[in-house]
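All values below were derived from every heavy atom in this structure, side-chain atoms included, with hydrogens, water molecules and symmetry-related copies excluded. Each ligand, and each atom within it, is numbered from 1 in the order the structure gives.
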Amino acid sequence: MTAACLMSTYQPLALSFNKGLGTRLWDQTGREYLDAVAGVAVTNVGHSHPKIVAAITEQAGLLLHTSNLYSIDWQQQLAQKLTRLAGMDRAFFNNSGAEANETALKIARLYGWHKGIEQPLVVVMENAFHGRTLGTLSASDGPAVRLGFNKLPGDFLKVPFGDLKALEALQQAHGSRIVAILMEPIQGESGVQLAPPGYLKAVRELCNRRSWLLMLDEIQTGIGRTGQWFAFQHEGIVPDVMTLAKGLGNGVPIGACLARGKAAELFTPGSHGSTFGGNPLACRVGCTVLDIIEEQGLLDNARLQGERLLGRLRTELADNPNVSALRGQGLMIGIELKQPIRDLSLIAARDHGLLINVTRGQVIRLLPPLTIDEREVEMIVRGVSAVLTPTWDEPQ
Ligand SMILES: *Cc1c(COP(=O)(O)O)cnc(C)c1O
């Protein structure tokens with residue numbers, strides 16, 4: 001087989017899987033791997049969960065697609081469940097994270113338009129990642145994703161993540177044009193970056209004072225990843241707009257934009273849409289994912305195993321010469337390295353049967369399914385310590 005017919009947007013490892021069950025994957029030779037990537041925070045309830053298999057199978061035999069020209073029962077059910085869990089009013093469904101964020105950005109535009117703001121500005125964070133469409137790329141940071149696409153649409157102001165003073169200072173120069181803040185509660189792609197405690201709450205208060213929309217990108221942090229349904233719930237706040245995708249479909253493509261109050265009332269028939277968005281299959285799977293998380297107590301498990309994993313890593317890696325920092329919330333954990341180590345995820349897979357992700361070159365990101373148990377936590381700790389422990393024949 002050759003990948004020469006594919007556009008080279010990725011550099012995949014020389015690894016390929018053809019079966020998954022729970023926290024495990026198998027390659028073509030039948031070798032088993034423990035999956036601490038979960039398709040990048042997607043398969044939160046594990047691979048081939050029997051309830052999801054059953055939901056997909058039954059729905060495929062009933063109806064895959066009609067159109068948003070007709071009302072879709074599963075879509076309404078999913079909207080009801082999500083809005084209830086999040087304390088939001090309305091939902092719009094699409095097929096990916098980037099599209100969900102595009103929806104949020106369009107809400108911000110409409111919000112400004114209704115207020116008579118000619119050239120609305122959205123505040124975003126340094127090192128943010130919001131997707132790969134032209135709009136969401138404009139809201140994202142970092143030369144790697146933006147190189148060659150320089151003239152990007154949209155008007156964004158960028159401030160350092162976690163810096164409240166920088167946010168407050170924007171009012172003077174741009175106050176009358178700012179309509180919203182778009183941010184991740186924890187920055188995933190840029191290496192599991194956490195904001196200082198109380199930051200999100202202070203941002204919420206600032207948005208209230210200025211009548212800016214607080215729009216949270218929970219595409220990676222949402223659906224139980226951090227030990228709450230949504231990461232903002234750790235801070236006891238509610239955003240005006242929230243976006244979801246990744247874990248919502250456990251591998252079936254689906255994105256969602258939820259909104260509350262004024263932000264939920266801005267779209268009118270014709271102002272937004274999606275052919276596939278909110279189809280019966282994806283929405284039924286979304287409902288099933290939420291049911292499974294509830295039935296299996298996966299929020300508690302994510303909290304418990306996340307604390308255990310972070311604690312065990314702190315112990316095991318305390319004196320490790322390769323590690324400069326450890327951080328995380330729930331089952332979203334970052335291990336920052338002093339410098340990049342080549343082929344780390346390949347070595348972990350090859351030598352230890354452990355799948356890990358490395359982001360921004362030198363942060364190991366652990367995102368195992370929310371179903372992992374104590375024994376599997378130990379397997380991750382052992383595998384990660386082993387790849388990070390220098391041996392006598394390796395140059396230091
Ligand atoms: C993955 C991700 C996106 C983009 O989602 P896609 O489904 O790839 O478009 C946006 N924001 C965050 C925080 C993400 O982690």
Side-chain angles (χ1 to χ4, degrees), residues 7 9-10 12 37-44 86 92-108 122-142 144-146 149 152 154 156 158 161-162 180-195 200 214-226 229-232 239 241-258 274 276-279 282 285-286 289 328-334 357-360 363 365-368 370:
M7 293 196 188
T9 52
Y10 289 94
V37 180
V40 193
V42 169
T43 52
N44 283 5
F92 178 86
F93 293 104
N94 31 35
N95 317 288
S96 69
E99 281 175 82
N101 283 336
E102 288 283 345
T103 306
L105 292 171
K106 285 178 75 172
I107 288 176
V122 173
V123 181
V124 293
M125 301 290 153
E126 285 178 9
N127 296 313
F129 181 77
H130 297 298
R132 302 286 195 156
T133 60
L134 284 174
T136 57
L137 201 52
S138 314
S140 302
D141 199 12
V145 296
R146 293 178 63 128
F149 309 107
L152 291 165
F156 296 93
K158 209 186 306 166
F161 182 59
I181 297 177
L182 171 65
M183 58 176 284
E184 302 151 88
I186 298 173
Q187 294 186 326
E189 296 309 299
S190 68
V192 192
Q193 307 291 348
L194 290 107
L200 207 54
L214 176 57
M215 310 200 299
L216 292 182
D217 177 344
E218 292 251 14
I219 289 164
Q220 193 160 146
T221 49
I223 317 295
R225 178 53 51 191
T226 70
W229 283 107
F230 313 105
F232 69 74
V241 175
M242 167 176 69
T243 53
L244 298 170
K246 294 198 164 89
L248 182 55
N250 210 58
V252 171
I254 182 169
C257 178
L258 279 73
S274 169
F276 294 139
N279 71 67
V285 171
V289 166
Q329 189 162 35
L331 286 170
M332 184 169 180
I333 290 175
N357 171 254
V358 179
T359 183
R360 288 285 160 109
V363 182
R365 180 172 45 163
L366 300 173
L367 301 160
L370 312 183

**Prompt:** Is any N or O atom of Asp217, backbone or side chain, closer than 3.5 Å to an N or O atom of ligand 1?
**Reply:** yes
**Message:** Out of Lys246, Glu189, Arg132, who is nearest to atom 15 (O) of ligand 1 when you count heavy atoms only?
**Reply:** Lys246
**Prompt:** Considering residues at least two apart in sequence or located in another chain, which fulfil the side chain to side chain donor-acceptor pair (under 3.5 Å) criterion with Glu184?
**Reply:** none
**Message:** Evaluate Thr243 against Thr103 for side chain to side chain contact (heavy atoms under 4.5 Å, CB included), listing each step before the verdict.
**Reply:** CA-CA 9 Å; Thr243 53; Thr103 306; over 6 Å; no
**Item:** Atoms of ligand 1, numbered as shown, that sit under 4.0 Å from any heavy atom of Ala98
**Value:** 4 (C), 5 (O), 6 (P), 9 (O)
**Asked** With the threshold set at 4.0 Å, does a side-chain nitrogen-carboxylate oxygen contact exist between Glu189 and Arg365?
**Response** yes
**Asked** Is there a protein heavy atom less than 4.0 Å away from atom 11 (N) of ligand 1?
**Response** yes
**Prompt:** With only distance considered, is Gly131 within less than 3.5 Å of ligand 1 through an N or O on each side?
**Reply:** no
**Complete:** Nearest non-hydrogen protein atom to atom 6 (P) of ligand 1, with distance, is Gly97 N, 3.5 Å
**Message:** Quick check on contacts: which atoms of ligand 1 are under 4.0 angstrom from a heavy atom of Ser96?
**Reply:** 7 (O), 9 (O)
**Request:** Say whether Asn250 and Asn44, considering side chains only, have a donor N or O and an acceptor N or O under 3.5 Å apart.
**Result:** no
**Message:** Quick check on side chain to side chain contact (heavy atoms under 4.5 Å, CB included): which of Leu244, Leu248, Asn279 does Ile254 satisfy it with?
**Reply:** Leu248
**Message:** Nearest 0.5 angstrom please: Glu218 CD to Met242 CE, how far?
**Reply:** 6.0 Å
**Request:** With heavy atoms under 4.0 Å as the rule, classify the contact between Glu184 and ligand 1 as side chain, backbone, both or neither.
**Result:** side chain
**Asked** What part of Asn101, side chain from CB on, backbone N/CA/C/O, both or neither, has a heavy atom under 4.0 Å from ligand 1?
**Response** side chain
**Item:** Partners meeting side chain to side chain contact (heavy atoms under 4.5 Å, CB included) with Glu102 (sequence neighbours left out)
**Value:** Thr133, Thr136
**Request:** Find all atoms of ligand 1 within a distance of less than 4.0 Å from any non-hydrogen atom belonging to Gln220, and give their numbers and elements.
**Result:** 15 (O)
